[in-house]
Amino acid sequence: MKKTIYLLMLNLCIGTMFLQGQELVPITKAEVQTKVSENNTSIKISEEEFNQARADYRQTNAVFLPNISASHTAIATTNPLMAFGSKLNQEILTASDFNPAMLNNPSQIENYATKFEIQQPLINIDGIYQRKAAKTKMNAMALQTERTSDYLVFEVNKAYMQLQLAHKAVDVLEKALEAALANKTLADNSFKQGYLQRADVLSVEVRVTEVKNQLQSAKSNVLNASNYISFLMNEKVDVVYQPTDSLEVAILSLDDKKVSQNRADIKAMELVSNAYQTAYKADKMAFLPTLNAFGSYELYDDQIFQGDANGYLFGAQLKWDVFQGSKRFGKTQKSKAEFEKSKLQYEQYVSQSELEFNKAKRILLDAENKLELTALALDQSKESLRIRTNRFGEGLEKTSDLLIAETQYAQKQLEYYQTVFEYNYAQAYLQFLTKE
């Protein structure tokens, strides 16, 4: 028994030194919220996803804007057709060039061509619908980014309450340890005076060891809660945070709250479904012809980067891809299936949100009832401990009864603060579910 007590006390001392060796930083919930909104990695990832969707949307500007290119080409050829055409483009043909011998067997000719081209879309119905789908997706990503921020507000509330609860547990168990050590001193004195047996003293020592072990676990929970808050704020983890806001029962009015169809994530799901619908329409519009204008301005010479001869070309093309080996049929069927799937996912998501809301309301009601009972039990156990401690000091109470009362009081304190956490958490979760 002595060896076990020594090992537990050694572990407790090591854990206490480790906790005390950390940097203790007081922090408010508002400070955590601010740092999370500025530095959290999840928010940054969500913002980059929005930037990606916005870039996809901007690519669809090609439906309206021209495609302009410039090129400079150099060739040397003895090909009869190419040689004659190059001279013609350079505007250097002479009567001798029509000599059949020269036409059939020309000398090598060099040709340098500078060309400016423009292609202007005029009517591309499928491209217009693709642009609409991209814009809808971009708006959906903006709402998802907003919902990510809402979730992190809720997550900060939970993490901060966990930190408060962990520190409360440490406070309770430290006081319980003080009481247990005081009772141990009384027990040792009573044993020396012959009022107690050795078994009673050992029971008190076991209680002291139990409290020390619980205190060590509570201090580890403080470290875990501090590390998680550091993770949320994207800061170093070797810090122990001390909450400056106290853990108290939150009073919020949630009677008229309900899941709104305008909640950011639900609205985003709806927009995603709309985007799939528009993409489906775009694939159907791919069966229609397209109309595009084109033009070019060309400079030719037999010297590099020169342009003694020039010419231009412009026109329009009406193109209709009548059949592409059933590729478009399969693509249209796929986009239709994706649209139908997105509608089902939206309905399922709304239904699941309602389910979570109803469940959270019941959890809040249970926590409210439990809060009343634990508060009453805490008062009763506190009074019971006070009476038994006084009687034990007068030699009128058994050691086992005092230990039971002491244990119950510590348990009821921990249960009360745990219930406060559960009650506040349920309210915060309901706020998250009903936020518009």
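Residue numbers count from 1 along this sequence.
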Going through the distances and angles, do Phe50 and Met138 end up as a side chain to side chain contact (heavy atoms under 4.5 Å, CB included)? CA-CA 6 Å; Phe50 168 75; Met138 180 187 70; 3.7 Å; yes
Let's go through Thr332 and Tyr280 carefully: what are the C-alpha distance in whole Å and the side-chain angles of both, what is the deciding distance for side chain to side chain contact (heavy atoms under 4.5 Å, CB included) to 0.1 Å, and is it a yes or a no? CA-CA 6 Å; Thr332 303; Tyr280 170 50; 3.7 Å; yes
Taking it one step at a time, do Tyr160 and Glu155 satisfy side-chain hydrogen bond (donor to acceptor under 3.5 Å, both in side chains)? CA-CA 8 Å; Tyr160 196 83; Glu155 195 66 16; over 6 Å; no
Pair Arg263-Ser353, side-chain hydrogen bond (donor to acceptor under 3.5 Å, both in side chains): steps then yes or no: CA-CA 10 Å; Arg263 201 176 75 185; Ser353 298; 3.0 Å; yes
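Using a 4.5 Å heavy-atom cutoff, the side chains of Gln411 and Leu414 are not in contact. A heavy-atom distance below 4.5 Å is not found between the side chains of Leu143 and Asp265.
The backbone N or O of Arg58 lies less than 3.5 Å from a partner atom in the side chain of Asn61, making a donor-acceptor pair. Between the side chain of Asn40 and the backbone N or O of Ser42 there is at least one donor-acceptor pair closer than 3.5 Å. Panel note: side chain Gln120, backbone Phe64; a donor-acceptor pair is recorded below 3.5 Å. Panel note: side chain Ser246, backbone Glu248; no donor-acceptor pair is recorded below 3.5 Å. No donor-acceptor distance shorter than 3.5 angstrom exists from the side chain of Asn234 to the backbone of Ser230, with no hydrogens or angles considered. Side chain of Asn213 to main chain of Thr209: no donor-acceptor pair is present (N/O by atom type, distance under 3.5 Å, no hydrogens or angles). Side-chain atoms of Ser273 never come within 3.5 Å of backbone atoms of Glu270 as a donor-acceptor pair (strictly under, hydrogens ignored). Without hydrogens or angle criteria, Ser226 side chain to Val222 main chain gives a donor-acceptor distance under 3.5 Å. At distances below 3.5 Å, not a single donor-acceptor pair connects side-chain atoms of Asn424 with backbone N or O atoms of Met161. A donor-acceptor pair is defined here as one N or O able to donate and one able to accept, closer than 3.5 Å; no such pair exists between the side chain of Arg131 and the backbone of Ala62.
For CD of Gln348, the number of neighbouring non-hydrogen atoms (other residues, nucleotides, ligands) closer than 6.0 Å is 12 at most. Within a 6.0 Å sphere centred on NZ of Lys158, heavy atoms belonging to other residues, nucleotides or ligands number more than 12.
In this structure, Lys435 pairs ionically with Asp150, as a charged nitrogen and a carboxylate oxygen lie closer than 4.0 Å. Using a 4.0 Å cut-off between charged side-chain N and carboxylate O, Glu338 and Lys341 make no salt bridge. At a threshold of 4.0 Å, the pair Glu38-Lys35 does not count as salt-bridged, since none of the basic side-chain nitrogens sits closer than that to a carboxylate oxygen. Salt bridge annotation for Lys343-Glu340: present, with a cationic side-chain nitrogen under 4.0 angstrom from a carboxylate oxygen. Between Asp188 and Lys184 there is a salt bridge, with a side-chain nitrogen of the basic residue lying less than 4.0 Å from a carboxylate oxygen of the acidic one.
Side-chain contact check for Arg54 and Asn51: at least one donor-acceptor pair (N or O, by modelled atom type) lies under 3.5 Å. Remark: the Asn124 side chain and the Asn292 side chain contain an N/O donor-acceptor pair separated by less than 3.5 Å. Counted by atom type alone, Tyr241 and Glu31 present zero donor-acceptor pairs between their side chains at under 3.5 Å. Remark: the Asp283 side chain and the Ser335 side chain contain an N/O donor-acceptor pair separated by less than 3.5 Å.
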Show me the donor-acceptor pairs within less than 3.5 Å that the side chains of residues 171-182 make with the rest of the protein, sequence neighbours left out.
none

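Because its NZ or CZ atom is not both nearer than 6.0 Å to the ring centre of Tyr416 and within 45° of the ring axis, Lys412 does not count as a cation-pi partner of that residue.
Of all heavy-atom pairs between Val156 and Val32, the closest is CG1-CG1, 3.5 Å. Between Leu291 and Ala316, the shortest heavy-atom contact is CD1-CB, 4.4 Å. When every heavy atom of Tyr129 is checked against every heavy atom of Ala282, the shortest pair comes out as CB-CB, 3.5 Å. Shown here for Asp301 and Gly307, the closest heavy-atom pair between the two residues is OD2-N, 3.7 Å. Nearest heavy-atom pair, Leu232 versus Leu152, reported as atom, atom and distance to 0.1 Å: CD2-CD2, 4.3 Å. Heavy atoms only, all atoms of each residue included: Val201 and Phe191 are closest at CG2-CB, 3.6 Å.
Considering OG1 of Thr244 and NZ of Lys29, their distance stands at 10.5 Å, rounded to 0.5 Å. For the atom pair Gln242 CD and Thr28 OG1, the distance stands at 12.5 Å (nearest 0.5 Å).
Residues forming a side-chain contact (heavy atoms from CB on, under 4.5 Å) with Phe154 (at least two apart in sequence, or on another chain): Tyr151, Tyr425, Ala428, Tyr429, Phe432. With sequence neighbours left out, Gln261 forms a side-chain contact (heavy atoms from CB on, under 4.5 Å) with Ile266, Tyr346, Val350.
Between Phe287 and Phe329, a ring centre-to-centre spacing shorter than 6.0 Å is recorded.
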